[in-house]
Number of protein chains: 2
Amino acid sequence: MAQIGDEVKNKQVVFRDYVSGFPKESDFIITSSTIRLKLPQASNAVLLKILYLSCDPYMRMLMESRSAPNSYSPGSLLHGFGVAKVLESAHSDFNEGELVWGILKWEEYSVVEEPGKLFKIHHTDVPLSYYTGILGMPGITAYFGFHDICSPKKGEYVFVSAASGAVGQLVGQLAKLMGCYVVGSAGSKEKIELLKNKFGFDEVFNYKEERDLDAALKRCFPEGIDIYFENVGGKTLDAVLLNMRPHGRIAVCGMISQYNLDQMEGVHNLLHLVLQRIRMEGFSAPDYFHLYANFLEAMLPYIKEGKIKYVEDTVHGLESGPAALIGLFSGRNIGKQVVAISTE
Amino acid sequence: MAQIGDEVKNKQVVFRDYVSGFPKESDFIITSSTIRLKLPQASNAVLLKILYLSCDPYMRMLMESRSAPNSYSPGSLLHGFGVAKVLESAHSDFNEGELVWGILKWEEYSVVEEPGKLFKIHHTDVPLSYYTGILGMPGITAYFGFHDICSPKKGEYVFVSAASGAVGQLVGQLAKLMGCYVVGSAGSKEKIELLKNKFGFDEVFNYKEERDLDAALKRCFPEGIDIYFENVGGKTLDAVLLNMRPHGRIAVCGMISQYNLDQMEGVHNLLHLVLQRIRMEGFSAPDYFHLYANFLEAMLPYIKEGKIKYVEDTVHGLESGPAALIGLFSGRNIGKQVVAISTE
Ligand SMILES: NC(=O)c1ccc[n+]([C@@H]2O[C@H](COP(=O)([O-])OP(=O)(O)OC[C@H]3O[C@@H](n4cnc5c(N)ncnc54)[C@H](OP(=O)(O)O)[C@@H]3O)[C@@H](O)[C@H]2O)c1
Ligand SMILES: NC(=O)c1ccc[n+]([C@@H]2O[C@H](COP(=O)([O-])OP(=O)(O)OC[C@H]3O[C@@H](n4cnc5c(N)ncnc54)[C@H](OP(=O)(O)O)[C@@H]3O)[C@@H](O)[C@H]2O)c1
């Protein structure tokens, strides 16, 4: 095992250049540099060993030049959520050996100059990778997106798209715990089975096999939809709008079907917002990060009592990262897409 | 003046048949029948003399076969909001000589079998036609749509489309009273001048003369938009979405630019709901009718103190009704479109 002071190899993933259309593996470069495991004096930094990196759909938006100045810089390292162990700390809040999650660079060892935004991990009786998913950003997204934005009530009819994913599988299970009737859509037979048999969705459909999404929704929701947890956008949203019940709510979490398009598809049925008096609301996980302690208090018992299950899809090694990341946009991942970097 | 028991002429407007595309005058038939001014015994009805009828954009939706069973029945009388005087009442809640507003048929004299949904008019020190506008359905729409759905705060940036209309002129003035910065768009020079000089909008533009709505909004809102009061839909909504500030609100009141289209235009920029965490919410005036007393308490003083002005566009006689109604969709009306039937 590498020691403080050692000079070690450090694999990294470099973002080559702005992307248009679907990202390809060649949009990323795997490089191998070296790093001395020693913090400069008089810094506030921490030196981390990365354990897990997370593949999240929002990363696609940072690959656009039009997202500048927030986008990834061509030639610079990719970054995203991840879990790491503190090897050395020059920051008074962090100590060697502690575990953290937060935004990290895609490399094996990493110096974080301003570690103030990292969350400390106190609960280690769950898989550490969970802090990229159910106990990390996607978990916060599902929990607050559902409870705060959807205003759910027992017995309501809930639809979740991209339902087997990092966020969707949680929303479905939270809705079931709330006593809702829950329908999910996903893009493969295997995912559909997972929804029914593992996560307890009441009804499911494979959107790729439905010629008419409106008809599929009418079949699953003869009474209409009270809550739509929107992960995909485009045609699915248009079909949902036709099936909303009065005073329904649409939590706009994301629109993954649109992220790789140069011009986003038009949504035609927005007049139904008036006809049915619907609230449609976008939200963003970081707005809820200050409530992380409350979130853990709710979520940890669900995990420990087996009331919520979490499925991950793990690839190994940084060099597998780019393919896993771009796989999100073809539905390659079954559950939360994780890149395991090191188990130490 | 006609007396109870007389048989009198009764002009009526008949809805010919379902409409597609823009409605035409020939979609309505002016007929003249006779009516005996006497209620049948043992009824609960009231006999009304109609004073004012209101032209409202929602009436276009009732001309569609796809709105059935709520649409107008081909061959039957048109109906809409209006103001009337009670000539005779068989209903214990209503007395001869009282004034009412509510949904009425488009005719000169009318028997309302179930008058329970009519509102009584107690305040007659304002023009009675106001009960089709500022003190009727459009007023309720503006007041609750703005205060309840937009959650306005002093100093916020507010945009109103169809700003000189029945609803829009009120929203703009309510927003000014709230201390907001208010921009309105409308479709003619005359309307634009009204917005600036009569209603006190801070900034205005003629959307028909702007080649690039996004640029027009950026010019009027260098800091972006907090609140959009949506009356028109389509391209305006798409441009607004690009200019919303974080945590902005869009009250979806209506989308008049879409009512005459067979397929509604696609809206492409909904992803901004997530990026800026925007709430977009449809609402409907009748949901607030139970709060009518509170509404009057707020609105009457504004009128009497001259804090809110109201512009009406009045045509005379039932036979002028159809042209006035369809004129809403070409912007013929300047202010609230009223049809004056009788002044007695
Ligand atoms: N607002 C926030 O703060 C926030 C936070 C986290 C995530 N999000 C959003 O939430 C959504 C889900 O994220 P996640 O992390 O849970 O991802 P995920 O569902 O684990 O992975 C993405 C999945 O999206 C589906 N997909 C890909 N392309 C699609 C298309 N064209 N049409 C329909 N489905 C498609 C695929 O599943 P199928 O096989 O079912 O197609 C794929 O597996 C995304 O839109 C993401 O941007 C928002
Ligand atoms: N949710 C509810 O309960 C409720 C209640 C009342 C009204 N509404 C809605 O509120 C909106 C305004 O109603 P209102 O009664 O105040 O009508 P209004 O503004 O008095 O009259 C309609 C105006 O719409 C504008 N217009 C027509 N076609 C247009 C187009 N293609 N693009 C842009 N503007 C167009 C015209 O003005 P320009 O000259 O400026 O184009 C026209 O004068 C409508 O969408 C209506 O359906 C909703």
Side-chain angles (χ1 to χ4, degrees), chain A residues 57-58 60-62 64 66-67 70 141 144-145 148-149 151 230-238 241-242 244 246-288, chain B residues 57-58 60-62 64 66-67 70 141 144-145 148-149 151 230-238 241-242 244 246-288:
Chain A
Y58 81 88
R60 173 63 186 82
M61 298 193 223
L62 306 190
E64 297 280 340
R66 64 179 171 221
S67 306
N70 298 319
T141 304
F144 292 105
D148 193 45
I149 307 289
S151 316
E230 164 68 302
N231 283 321
V232 304
K235 293 182 180 57
T236 303
L237 175 56
D238 243 347
L241 283 164
L242 297 176
M244 291 298 289
H247 299 289
R249 288 131 269 150
I250 299 177
V252 192
C253 176
M255 298 188 163
I256 194 170
S257 75
Q258 307 297 300
Y259 298 167
N260 299 299
L261 306 181
D262 282 343
Q263 227 238 329
M264 286 185 276
E265 286 177 274
V267 171
H268 298 269
N269 297 322
L270 288 171
L271 186 57
H272 286 256
L273 297 181
V274 189
L275 303 178
Q276 303 290 10
R277 295 146 288 160
I278 293 162
R279 170 161 60 81
M280 184 166 169
E281 189 164 355
F283 67 98
S284 177
D287 286 350
Y288 296 95
Chain B
Y58 81 87
R60 174 63 186 83
M61 297 192 223
L62 306 191
E64 297 280 339
R66 64 177 172 225
S67 305
N70 298 319
T141 304
F144 292 104
D148 193 45
I149 306 290
S151 317
E230 164 68 302
N231 284 320
V232 305
K235 293 185 179 53
T236 304
L237 175 56
D238 243 347
L241 284 164
L242 297 175
M244 291 297 290
H247 299 290
R249 287 133 270 149
I250 299 178
V252 191
C253 176
M255 299 189 163
I256 195 170
S257 75
Q258 307 297 298
Y259 298 169
N260 299 299
L261 307 180
D262 282 343
Q263 227 239 329
M264 286 185 275
E265 286 177 275
V267 171
H268 297 269
N269 297 322
L270 289 170
L271 187 58
H272 286 256
L273 297 181
V274 188
L275 301 177
Q276 302 291 10
R277 296 146 287 161
I278 293 162
R279 170 162 58 81
M280 184 167 170
E281 189 164 354
F283 68 98
S284 177
D287 287 350
Y288 296 95

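These figures come from a predicted structure and were not determined experimentally. Quick note on labels: first sequence line is chain A, next is B, and so on, each numbered from 1.
The contact between A/Ile278 and chain B is made entirely by backbone atoms, counting heavy-atom distances below 4.5 Å. Looking at B/Glu230, neither its backbone nor its side chain comes within 4.5 Å of chain A, counting heavy atoms on both sides. Residue A/Gln276: no heavy atom, backbone or side chain, is found under 4.5 Å from chain B. For A/Leu275, the part lying under 4.5 angstrom from a heavy atom of chain B is the side chain only. Contacts of B/Tyr259 with chain A are made by side-chain atoms alone, with heavy-atom separations under 4.5 Å and no backbone atom involved. For chain A, no part of B/Ile149 is nearby; none of its heavy atoms comes within less than 4.5 Å. With a 4.5 Å cut-off on non-hydrogen atoms, A/Asp238 does not touch chain B at all.
Between B/Leu270 and A/Val252 there is no side-chain heavy-atom pair separated by less than 4.5 Å. The side-chain heavy atoms of A/Ser284 and B/Val274, taken from C-beta on, include no pair separated by under 4.5 Å. Between B/His247 and A/Asp287, some side-chain heavy-atom pair lies under the 4.5 Å cut-off.
Partners of B/Gln258 under the side-chain hydrogen bond (donor to acceptor under 3.5 Å, both in side chains) rule, at least two apart in sequence or in another chain, are B/Glu265. Considering only residues two or more places apart in sequence or on other chains, A/Arg279 meets the side-chain hydrogen bond (donor to acceptor under 3.5 Å, both in side chains) condition with A/Ser151, A/Glu281.
Contacts with chain B were tallied for A/Met264, A/His268, A/Met61, A/His272; A/His268 has the most, counting heavy-atom pairs under 4.5 Å.
The CD1 atom of A/Ile256 sits 8.5 Å away from the CG atom of A/Asn231 when rounded to the nearest 0.5 Å.
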